[in-house]
Student: 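Take a look at this one; I'll ask things after.
FYI, side chains are in, hydrogens and waters are out, and symmetry mates aren't considered; it's all heavy atoms of this structure. On a predicted model such as this, the values are computed, not experimentally measured, just so you know.
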Number of protein chains: 2
Amino acid sequence: MNSYTEENYLKALFILSTEAGETTVNALSKSLEIKMPTVNSMMKKLSEKGLVNYESYKPVKLTEKGKKEAALIIRKHRLTEMFLVEKMGFGWEQVHDIAEQVEHIKSPAFFDKMDELLAYPKVDPHGSPIPDKHGKIVWKKYTPLSECIKGQAVVLAAVTHSSDDFLKFLNARGLHLGISLKIKSIEPFDGSMVVSYAKKTETLSLVVCEKLLVA
Amino acid sequence: MNSYTEENYLKALFILSTEAGETTVNALSKSLEIKMPTVNSMMKKLSEKGLVNYESYKPVKLTEKGKKEAALIIRKHRLTEMFLVEKMGFGWEQVHDIAEQVEHIKSPAFFDKMDELLAYPKVDPHGSPIPDKHGKIVWKKYTPLSECIKGQAVVLAAVTHSSDDFLKFLNARGLHLGISLKIKSIEPFDGSMVVSYAKKTETLSLVVCEKLLVA
DNA sequence: TTAATAAGTTAGATTAATCTAACTATTATT
DNA sequence: AATAATAGTTAGATTAATCTAACTTATTAA
């Protein structure tokens, strides 16, 4: 059984590793806001437990076992977020902090029940995939809006890095998952995009467009 | 802000103090399954924080502040139990262990939402009162079934010490809160009672009758 | 290619929560 | 009232998770 703390390291390892398949002590340190020596000793500990492969001065990689355990925590996090939105009436910008705590609850029955009540959802309220009971996760290949071209018609499928502020920004502009967007034009000097949706037109900065994943 | 551990001590203090208004280090030690020296130093700490009144070799008493904070944790526990039963379909014998973890979640919005969805319940699934947002708790004076007399017709209002085993025992006999019971006879030698309800008759041992509260 | 910068490590301290062993105080029993 | 039993305390050790300070290795840039 992993501690609350260990679970947070596993989760961070999983998230930071999605692209490169590995991550660094430094990146973990920044992401968890925990100093490097602390992260260093935790890596030794997780290595002892067979959850990561770790050698001095090299990037850290989750083992298969570590990957599975991390995915199961993320499963609990995302099921919780979905439950909070779908069954309790929270907004998608409110659920992260609650799920961050609920994800550590030890009770298979609790999360199985959520899963059942939600009719076995495949994605969370931010469009991120929910790993299955075995820790398997299916990534859909979405495109950042910023990589689309003028004239394209797309559907908003997910958001990356779903901070409170960013989601409130989207709420204020009526942008939610599933909405259809049409790219009217792209400003060459700053990469901002003029998009129309739901009978209106908005200009979105490059920073915003990079965080919107479309299909 | 109290730690997870401190919250557990506060809760135990509150529960153990309900009758006498105070409790002992020994009782706390047994109830929490934590050795006395550990409890002793925690009492000093909680005393420093103004949550208990504590002097060497004397019983421990919660301060008003301590009582309020304890009641608010119990509120979260009982709201959670009610939510699990009413909104998630769990049995009353399944919810204690989950609520034991959920009660420590820091999120007023989460529990306010439960409260609202449950339409501001006054009791939990075991008939225990739910403290209000200010930590006020209203105790209804129920009578143990064991103190009733032959011929009395009563309604099952609450159970004390709701262990998994005991609740399964009640489930198996169709005994649930709100059910009407009639006392047919009382065995003088062991205090067991013959009661009828829902068109059947059962014999309940004294141990069981002491744990059933009726009105 | 060497010097500067960034990343990573080691050593040692701190805090919270726990324990055991040994001692003291209180309460109960003869 | 003396003694045995129970309850409570003190001292000191342990573990998990964190930190700072100092040092080492690797990477980047002049």
Side-chain angles (χ1 to χ4, degrees), chain A residues 1-13 15-17 19-62 66 69-70 73 100-101 103-106, chain B residues 1-13 15-17 19-62 66 69-70 73 100-101 103-106:
Chain A
M1 193 59 64
N2 304 312
S3 70
Y4 192 107
T5 307
E6 287 166 344
E7 289 192 348
N8 282 333
Y9 279 91
L10 287 174
K11 197 164 46 116
L13 277 158
I15 300 293
L16 292 173
S17 303
E19 273 141 50
E22 57 186 36
T23 189
T24 63
V25 172
N26 192 241
L28 274 168
S29 169
K30 280 176 182 148
S31 150
L32 291 165
E33 296 183 84
I34 287 171
K35 295 288 181 289
M36 287 183 58
T38 310
V39 175
N40 181 276
S41 38
M42 182 57 87
M43 289 308 102
K44 288 177 184 168
K45 187 176 177 188
L46 294 181
S47 179
E48 283 298 309
K49 294 181 84 170
L51 296 166
V52 304
N53 286 129
Y54 168 71
E55 285 173 88
S56 277
Y57 298 105
K58 290 201 182 145
V60 193
K61 205 181 271 195
L62 281 167
E69 297 193 10
I73 301 158
E100 204 72 6
Q101 301 177 66
E103 71 190 7
H104 299 291
I105 286 172
K106 263 66 175 180
Chain B
M1 193 59 64
N2 304 312
S3 70
Y4 192 107
T5 307
E6 287 165 343
E7 290 191 347
N8 282 334
Y9 279 91
L10 287 174
K11 197 164 46 113
L13 277 158
I15 300 292
L16 293 173
S17 304
E19 273 139 53
E22 58 187 34
T23 190
T24 63
V25 172
N26 192 241
L28 274 168
S29 169
K30 281 176 181 147
S31 149
L32 291 165
E33 296 183 85
I34 287 170
K35 295 287 179 291
M36 287 182 58
T38 311
V39 175
N40 180 275
S41 37
M42 183 56 88
M43 289 310 102
K44 288 177 184 168
K45 188 175 177 190
L46 294 181
S47 178
E48 283 298 309
K49 294 181 84 169
L51 296 166
V52 303
N53 286 127
Y54 169 69
E55 284 172 90
S56 278
Y57 298 104
K58 289 201 183 145
V60 192
K61 205 180 272 198
L62 282 167
E69 298 193 8
I73 300 158
E100 205 72 7
Q101 301 177 65
E103 71 191 6
H104 299 291
I105 286 172
K106 262 65 177 182

Student: Please name all residues satisfying side-chain contact (heavy atoms from CB on, under 4.5 Å) with A:T23, sequence neighbours left out, ordered by chain then number.
Tutor: A:L13, A:L16, A:S17, A:A27, A:L28

Student: Restricting to side-chain hydrogen bond (donor to acceptor under 3.5 Å, both in side chains), what partner residues turn up for B:E22, sequence neighbours left out?
Tutor: none

Student: Round to a whole Å and report the spacing from CD of A:E7 to C1' of D:dA16.
Tutor: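 These atoms are roughly 15 Å apart.
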
Student: Expressed in angstrom and rounded to an integer, what is the separation of B:E33 atom CD from C:dC19 atom P?
Tutor: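 Rounded to the whole Å, the gap is 10 Å.
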
Student: Taking side-chain hydrogen bond (donor to acceptor under 3.5 Å, both in side chains) as the test, write out the residues that go with A:E7, two or more places apart.
Tutor: A:H104, A:K106

Student: Enumerate the residue pairs fulfilling salt bridge (Lys or Arg N to Asp or Glu O under 4.0 Å) with a member in residues 41-57 of chain A, sequence neighbours excluded, ordered by first and then second residue.
Tutor: A:E6-A:K45, A:E6-A:K49, A:E55-A:K58

Student: If the condition is side-chain contact (heavy atoms from CB on, under 4.5 Å), which residues does A:S47 pass it with, not counting sequence neighbours?
Tutor: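 Per chain and number, A:S47 pairs via side-chain contact (heavy atoms from CB on, under 4.5 Å) with A:V52, A:Y54.
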
Student: May I have the distance from A:L32 (atom CG) to D:dA16 (atom C1'), rounded to whole angstrom?
Tutor: 16 Å

Student: Just how far, in rounded Å, is P of D:dA17 from CD of A:E6?
Tutor: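 Roughly 5 Å, once rounded to whole Å.
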
Student: Between A:E48 (CD) and D:dA17 (P), how many Å, whole number?
Tutor: 14 Å

Student: Distance check needed: C:dC19 C1' versus B:K35 NZ, whole Å only.
Tutor: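 Between C1' of C:dC19 and NZ of B:K35: 8 Å.
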
Student: Applying side-chain hydrogen bond (donor to acceptor under 3.5 Å, both in side chains), name anything that partners A:Q101, two or more places apart in sequence or on another chain.
Tutor: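 Here no residue qualifies.
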
Student: Pick base, sugar-phosphate or nothing for B:Y4, based on heavy-atom distances below 4.0 Å to the nucleic acid.
Tutor: nothing

Student: Under 3.5 Å between N/O atoms: give me all the protein pairs with nucleotides 3-5 of chain D, atom names plus distance.
Tutor:
none

Student: Return the value, rounded to whole Å, for the distance between atom CD of B:E22 and atom P of D:dA7.
Tutor: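 Between P of D:dA7 and CD of B:E22: 15 Å.
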
Student: Do side-chain atoms of A:S29 reach the backbone of A:I34 as a donor and acceptor pair under 3.5 angstrom?
Tutor: yes

Student: Does A:S3 put a side-chain nitrogen or oxygen below 4.0 Å from OP1 or OP2 of D:dA17?
Tutor: yes

Student: Extract from the structure each pairing of a protein N or O with an N or O of nucleotides 8-10 of chain D at less than 3.5 Å, listing the distance.
Tutor:
{"residue": "D:dG8", "atom": "OP2", "partner": "B:N26", "partner atom": "N", "Å": "2.6"}
{"residue": "D:dG8", "atom": "O3'", "partner": "B:Y57", "partner atom": "N", "Å": "3.4"}
{"residue": "D:dT9", "atom": "OP1", "partner": "B:Y54", "partner atom": "OH", "Å": "2.4"}
{"residue": "D:dT9", "atom": "OP1", "partner": "B:Y57", "partner atom": "N", "Å": "2.9"}
{"residue": "D:dT9", "atom": "OP2", "partner": "B:N40", "partner atom": "ND2", "Å": "2.2"}
{"residue": "D:dT9", "atom": "OP2", "partner": "B:Y54", "partner atom": "OH", "Å": "2.9"}
{"residue": "D:dT9", "atom": "O5'", "partner": "B:N40", "partner atom": "ND2", "Å": "3.0"}
{"residue": "D:dT10", "atom": "OP2", "partner": "B:K44", "partner atom": "NZ", "Å": "2.6"}

Student: By the 4.0 Å heavy-atom rule, please label A:T38 as base, sugar-phosphate, or nothing.
Tutor: base

Student: Any non-hydrogen side-chain atom of B:V60 less than 4.5 Å from a side-chain atom of B:V39?
Tutor: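 No, their side chains stay 4.5 Å or more apart.
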
Student: According to side-chain hydrogen bond (donor to acceptor under 3.5 Å, both in side chains), who are the partners of A:N26, at least two apart in sequence or on a separate chain?
Tutor: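 Applying side-chain hydrogen bond (donor to acceptor under 3.5 Å, both in side chains) to A:N26 gives A:K30.
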
Student: Rounded to the nearest angstrom, tell me the gap between atom CG in A:N8 and atom C1' in D:dT18.
Tutor: 14 Å

